[in-house]
Amino acid sequence: MLHQYQPAIPRLGIGLFKTGTEALHGVAWSNDHRTNTKVDATATVFPQAVGLASTWDPALVQRVGAAVGDELRGLHAQDPVVWGLNAWAPVVNPLRDPRWGRNEEGYSEDPLLTGAMATAYGHGLQGDDPDHLLVAPTLKHYAAYNNEAKRDVTSSNVPQRVLNEYDRAPFRIALENDAATGVMASYNLINGRPATVDPDLGELLPTWSDRRLFNVSDAWAPTNLTGSQAYFPTQAEADAAVLQAGLDSFTVNDTDAQPTITAVRQALDRGLLTEAEIDESVGNALSIRFRLGEFDPDGGPHAGITPAVIDSPEHRALAREAAGEAAVLLKNDGLLPLKPGGTVAVVGPLAEKVHTDWYGGRLPYRVSTRDAIAERAATVTTAGGADRIALRDVATGRYVTVGETALGVTADTPVAAAQFDSEDWGDGVSTLRSVSTGKLVSYDWGPFRANADEPGGWFVQQQFRIEDQGDGTVVLNYAGYETQESWFGANHYVTVGADGNLTLGSATAAGAARFSRELLVDGVAAAAATARKASTAVVVVGTNPFVAGREVHDRATLDLGARQEALIRAVRAANPRTVVVLQSSYPQAITWAQRHVPGILWTTHAGAETGHGVADVLYGAVNPSGRLTQTWYSSVSQLPADLLQYDIIKSGQTYLYDTDKPLYPFGHGLSYTTFRYGTPQVGDGRVRVTVTNTGTRAGDEVVQLYTHQRTSRDVTPVKQLRGFRKVHLAPGRSTTVTFGLAAADLARWDVTRQRWVVESSVHDVLAGPSSADIRVRAAMTVRGERIPARDLAPLTRGETFDAYHDIDLVDETKRRGTAVTSTKAGGWIAFKDAALRGGTTFRARAAGAGTVEVRIGSARGRLLGTLTLADTTSVHEYASVSAPIAPVTGRHDVYLVPSPGLRLAEFSIT
């Protein structure tokens with residue numbers, strides 16, 4: 001009962017139960033334990049999660065969640081073995097950094113907006129019956145998880161304020177609002193401890209919910225504890241720790257529960273676990289099965305849902321509505337909305353394509369942007385923009401050619417079988433499509449073949465980097481995702497084998513086969529020529545969700561592919577009436593387009609109705625109301641160099657702390673009408689703002705409420721979202737939007753006392769259509785408390801520092817607690833505004849070996865004394881030690897400088 005496949009127990013009337021159907025933005029896929037294969041759903045695919053959030057419409061998102069829940073019930077009715085009712089969705093990790101490979105799975109960089117969208121989607125999945133679940137949603141992934149590279153062995157360094165105010169916040173919002181039945185632990189370590197054994201799972205999270213939680217591991221994560229993480233020597237110890245931390249289900253060993261059973265029994269025999277602890281987890285697992293109606297005689301109120309709901313006309317209409325509402329108008333110099341008729345050139349790599357993603361199901365049908373524009377334009381012309389190339393082997397003079405079984409160097413001339421359409425997807429990654437077969441070139445574990453319709457699979461094997469060698473030749477660097485795995489080997493470069501076929505035979509470009517890249521058709525020039533003849537040009541560019549960044553693969557840049565960027569410029573030069581439709585899973589640095597193109601519309605990969613959603617906005621059938629849920633940066637240089645920088649306060653990340661001017665700010669999005677804001681009225685725990693449609697057409701405004709705390713002991717956000725409302729107004733009509741805003745809503749984490757605090761301060765109350773477009777403001781005086789000077793006489797946790805440099809947060813013990821350690825000599829932690837009373841003794845509880853210098857004023861300030869710790873033999877074995885220090889009185893900033901190799905848990909000055 002602790003495994004992902006809970007077996008049937010016929011004597012008790014208990015059937016098989018499987019955890020984990022993927023349902024992020026539609027029912028996506030599950031696994032069939034009978035064949036141990038992945039099964040993709042053919043069902044309604046809604047916009048990616050970041051697109052759903054871009055609607056800023058919780059009511060719409062809840063309707064989407066309800067449709068997904070109905071379709072999962074319908075699939076369950078078809079095959080209950082495959083389509084389990086425990087859904088692994090939504091993803092509520094805040095989108096701290098757009099380079100994260102899984103950006104499209106989350107909602108927003110803001111914790112409040114993320115929590116609101118997760119709550120809406122979760123409520124939809126769960127249904128509206130107070131006692132029975134339509135579907136049991138599971139929040140992913142707890143916590144502080146925004147990197148894919150080496151995700152199972154990297155530790156997210158998250159100080160207390162960031163952990164409480166940012167990374168935990170969306171989980172808390174969703175659980176407090178009864179929008180989920182549990183969480184999935186993330187792969188990473190949090191402050192040195194694997195998230196799979198984070199005590200929050202069993203101690204903190206249950207305090208946020210009035211219901212019993214059923215928490216699950218991510219795939220294979222329990223075995224990482226004894227494998228890649230080497231955190232426990234035996235699986236028995238690991239599995240005992242997993243259960244005691246608060247996880248109830250082991251997603252491991254595919255369909256084979258026996259290794260988990262064996263490890264848990266060993267833990268019982270060794271006294272590492274009690275039967276009562278196992279019973280608790282089994283009870284948690286059974287709790288959602290009762291709520292799902294499994295043990296009701298009639299199966300509960302949702303048992304009558306049939307497969308007829310799948311891809312129903314109602315759900316198709318909802319998908320189209322969501323696609324239109326999710327689209328964000330980034331720029332409009334008056335070109336939009338377009339008028340029906342005329343000749344429209346729809347060009348670009350996504351003009352005729354509609355893609356799904358790893359967490360999306362199979363599309364039952366596709367409406368591309370070209371298809372949808374053709375419903376409105378008199379004439380539509382199109383061009384993909386791909387360069388048609390041939391690759392001539394320098395050594396033999398022959399061309400790379402598609403053969404019956406492999407790609408080889410065989411043709412003497414660039415015949416059709418030796419021609420490829422090259423698409424540039426960014427990060428230097430391209431795909432190559434055979435002109436003769438229409439198939440993409442794929443490694444397919446060797447030899448290379450042209451056999452794929454589209455990029456896909458876990459190891460996307462259709463990715464190449466065509467690297468210019470500076471002498472007129474290029475080499476092919478194979479960039480399939482499996483090349484990032486330790487087991488793959490060093491050879492990533494293409495060579496020509498003795499049989500004349502392409503193979504991977506070199507670890508470096510120096511040993512790779514050299515090719516001349518012959519340009520047969522300049523795709524950019526051809527698209528520009530097509531655009532020149534049209535009355536309007538629509539350039540559809542962006543990303544492929546499987547290429548150049550996805551789960552297990554982060555991005556290096558935010559740039560479009562170089563040839564896509566060239567396409568925009570060429571089409572704009574050919575036709576001044578150019579609109580760019582950017583279809584992507586994450587923010588992109590389209591700085592040239594913003595300066596030079598009159599109209600820009602962004603959408604996610606929005607499912608089968610992507611084209612209708614785009615065209616409905618372009619032609620004004622839908623007045624755009626989507627808003628960005630992330631900051632869009634002008635370039636990657638505005639982000640920290642290190643993707644692992646989780647301390648958004650120290651690094652100044654997201655709109656909360658970033659003071660740079662972005663390309664597009666958080667909350668940005670334009671409309672075809674205009675709105676006026678009245679002066680905010682603040683009082684009685686509420687803020688009231690009157691909004692008037694001053695334009696000539698009906699439209700939706702997303703009214704955003706922010707605050708800024710003017711004075712504080714600590715660094716506080718530049719501004720912070722406190723509420724939002726989407727309102728529909730006819731021309732000339734007004735409405736008053738009311739937000740709840742009490743003093744308690746302005747609480748933040750006080751590290752000095754490790755609790756929430758509301759400080760006495762004046763708060764600016766700001767309202768407008770984006771974080772950077774504040775139309776009106778007021779002031780709110782809050783009478784809270786003043787954080788007193790630090791008292792370092794009682795034991796003080798090392799992790800409660802105010803500032804730090806070259807410091808890592810690490811696990812105090814394997815079960816709980818956080819300590820600090822220096823990553824290099826001179827690393828320090830600071831405790832600001834401490835009231836010193838002439839203490840002469842510095843006491844510390846520490847592990848490892850080394851010294852701690854006690855200084856005041858700065859890390860190089862006056863030395864009061866030095867504590868020395870002899871080797872405790874283990875980083876998890878602590879000793880209490882003390883040292884004399886010079887007495888000082890008054891209020892000072894105290895700096896502790898621990899040497900590398902020492903872990904400091906707590907200290908005092910007495």
Quick check against the 3.5 Å criterion: does Gln48 have a side-chain atom that pairs as donor or acceptor with the backbone of His605? yes
Can you see whether Asp658 engages Thr631 through a side-chain donor-acceptor pair at a distance of less than 3.5 angstrom? no
Electrostatic pair Glu321:Arg316 at N-O distance under 4.0 angstrom: no
Is the backbone of Ala219 close enough, under 3.5 Å, to the side chain of Tyr187 for a donor and an acceptor to pair up by distance? yes
Donor on one side chain, acceptor on other, Ser584 and Trp602, under 3.5 Å: yes
Classify the ring geometry between His668 and Tyr664 as parallel (under 30°), tilted (30 to 60°) or perpendicular (over 60°). parallel
Under 4.5 Å between any side-chain heavy atoms of Leu601 and Leu582, yes or no? no
I'd like to know if the side chain of Asp660 reaches the main chain of Gln638, judged simply by a donor and an acceptor atom lying under 3.5 Å from each other, with no hydrogens or angles considered. no
Which distance, rounded to the nearest 0.5 Å, do you find between the CD1 of Ile373 and the CG of Leu618? 5.5 Å
Should Asn31 and Val39 count as side-chain neighbours, where that means a heavy-atom distance under 4.5 Å? no
Are Asn188 and Thr154 linked by a side-chain donor-acceptor pair shorter than 3.5 Å? no
Can you label the angle between the Tyr481 ring and the His553 ring as parallel, tilted or perpendicular, going by 30° and 60°? tilted
Give me the atom names and distance for the closest heavy-atom approach of Ala374 to Val380. CA-CG2, 3.6 Å
How long is the span from the CD atom in Gln594 to the CH2 atom in Trp632, to the nearest 0.5 Å? 10.5 Å
Just by modelled atom types, is the Ser585 backbone N or O under 3.5 Å from a matching donor or acceptor in the Asn103 side chain? yes
Is it the case that Thr42 and Asp311 place a side-chain donor and acceptor less than 3.5 Å from each other? no
With a 3.5 Å cut-off and no angle check, do the side chains of Arg465 and His492 form a donor-acceptor pair? no
For the residue pair Tyr478 and Tyr443, is the inter-centroid distance of their aromatic rings smaller than 6.0 Å? yes
For the residue pair Arg96 / Tyr166, report whether a side-chain donor-acceptor contact shorter than 3.5 Å exists. no
Mark yes or no: Arg555 above the aromatic ring of Trp100, with NZ or CZ under 6.0 Å from the six-membered ring centre and no more than 45 degrees from the axis. no
Verify the ring-centre separation between His25 and Phe46: is it less than 6.0 angstrom? no
Of all the heavy-atom pairs spanning Gly669 and Val328, show the shortest one and how long it is. CA-CG1, 3.8 Å
With heavy-atom distances below 4.5 Å as the criterion, would you say the side chains of Arg63 and Leu318 are in contact? yes
For Ser625 and Glu325, does a side-chain donor sit closer than 3.5 Å to a side-chain acceptor? yes
Looking only at the side chains, is there a donor atom on one of Asp427 and Thr557 sitting less than 3.5 Å from an acceptor on the other? yes
In this structure, is the centre-to-centre distance between the rings of Trp56 and Phe666 below 6.0 Å? yes
Does Gln583 use its side chain to pair, donor to acceptor, with the backbone of Gly542 at less than 3.5 Å? no
Just say parallel, tilted or perpendicular for the rings of His355 and Trp425, cut-offs at 30° and 60°. perpendicular
Sidechain-backbone polar pair: Thr382 side chain, Val346 backbone, donor-acceptor under 3.5 Å: yes
N/O donor-acceptor pair under 3.5 Å between Thr356 side chain and Gly361 backbone: yes
Trace of the side-chain contact (heavy atoms from CB on, under 4.5 Å) decision for Thr21 with Val27: CA-CA 8 Å; Thr21 296; Val27 184; 4.1 Å; yes
Checking side-chain contact (heavy atoms from CB on, under 4.5 Å) for the pair Leu628/Leu330: CA distance, chi angles, key distance, verdict? CA-CA 9 Å; Leu628 298 179; Leu330 297 176; 3.9 Å; yes
If only atom types and distance count, is the side chain of Lys140 paired as donor or acceptor with the main-chain N or O of Pro90 below 3.5 Å? no
If you draw the axis of the six-membered ring of Trp592, does the NZ or CZ of Arg572 fall within 45° of it and under 6.0 Å from the ring centre? no
Candidate list Arg433, Lys439, Lys353, test salt bridge (Lys or Arg N to Asp or Glu O under 4.0 Å), partner Asp453, passing option: Lys439
Tell me whether the NZ or CZ atom of Arg99 lies within the 45° cone about the ring axis of Tyr586 and under 6.0 Å from its centre. no
If we count only N and O atoms by modelled type, under 3.5 Å, do the side chains of Thr44 and Glu71 hold a donor and an acceptor together? yes
On a heavy-atom basis, the closest approach of Ala89 and Leu125 is O-CD1, 4.2 Å
Using the rule given for side-chain contact (heavy atoms from CB on, under 4.5 Å), can you reason through Asn146 versus Asp97, listing the C-alpha separation, both sets of side-chain angles and the distance that settles it, and then say yes or no? CA-CA 7 Å; Asn146 291 121; Asp97 193 311; 5.5 Å; no
Between Asp554 (side chain only) and Glu148 (backbone N and O only), is there a donor and an acceptor less than 3.5 Å apart? yes
For a quick test of reading the model, state the closest non-hydrogen atom pair linking Gly480 to Thr483 and the distance between them. O-OG1, 2.6 Å
Of all heavy-atom pairs linking Ala174 and Leu139, the shortest is CB-CD1, 3.8 Å
Donor-acceptor check, side chain of Tyr359 to backbone of Ala49, threshold 3.5 angstrom: yes or no? no
For the pair His315 and Arg320, evaluate side chain to side chain donor-acceptor pair (under 3.5 Å) and give the outcome as yes or no after the intermediate values. CA-CA 9 Å; His315 291 176; Arg320 180 170 182 168; over 6 Å; no
Quick test of your reading of the model: are Asp40 and Lys38 salt-bridged, counting only N-O distances below 4.0 Å? yes
Is it true that the side chains of Gln653 and Gln645 contain a donor and an acceptor less than 3.5 Å apart? no
Closest contact, heavy atoms only, Pro455 versus Val460: CB-CG1, 3.8 Å
Apply the test side-chain contact (heavy atoms from CB on, under 4.5 Å) to residues Thr119 and Ile173: give CA-CA distance (whole Å), side-chain angles for both, the deciding distance (0.1 Å), then the verdict. CA-CA 7 Å; Thr119 296; Ile173 292 169; 3.8 Å; yes
When you look at Arg550 and Asp357, which way does the salt bridge (charged side-chain N to carboxylate O under 4.0 Å, His left out) test go after all the steps? CA-CA 9 Å; Arg550 197 204 68 187; Asp357 57 35; over 6 Å; no
With side chain to side chain donor-acceptor pair (under 3.5 Å) as the test, would you mind laying out the steps for Asn623 and Ser671 before giving the verdict? CA-CA 6 Å; Asn623 191 344; Ser671 171; 3.1 Å; yes
Take Asn147 and Tyr646, measure what side chain to side chain donor-acceptor pair (under 3.5 Å) needs, and give me the verdict at the end. CA-CA 10 Å; Asn147 67 281; Tyr646 278 81; 2.7 Å; yes
Is there a side-chain contact between Gln588 and Thr543, using heavy atoms and a 4.5 Å cut-off? yes
Can you measure from CZ (Arg151) to CG (Leu189) and round to the nearest 0.5 angstrom? 13.5 Å
Check: Ser442/Asp444 side-chain N/O donor and acceptor closer than 3.5 Å: no
In sequence, state the C-alpha distance, the side-chain angles, and the governing distance for Asp218 and Thr251, and then conclude on side chain to side chain donor-acceptor pair (under 3.5 Å). CA-CA 6 Å; Asp218 209 335; Thr251 312; over 6 Å; no
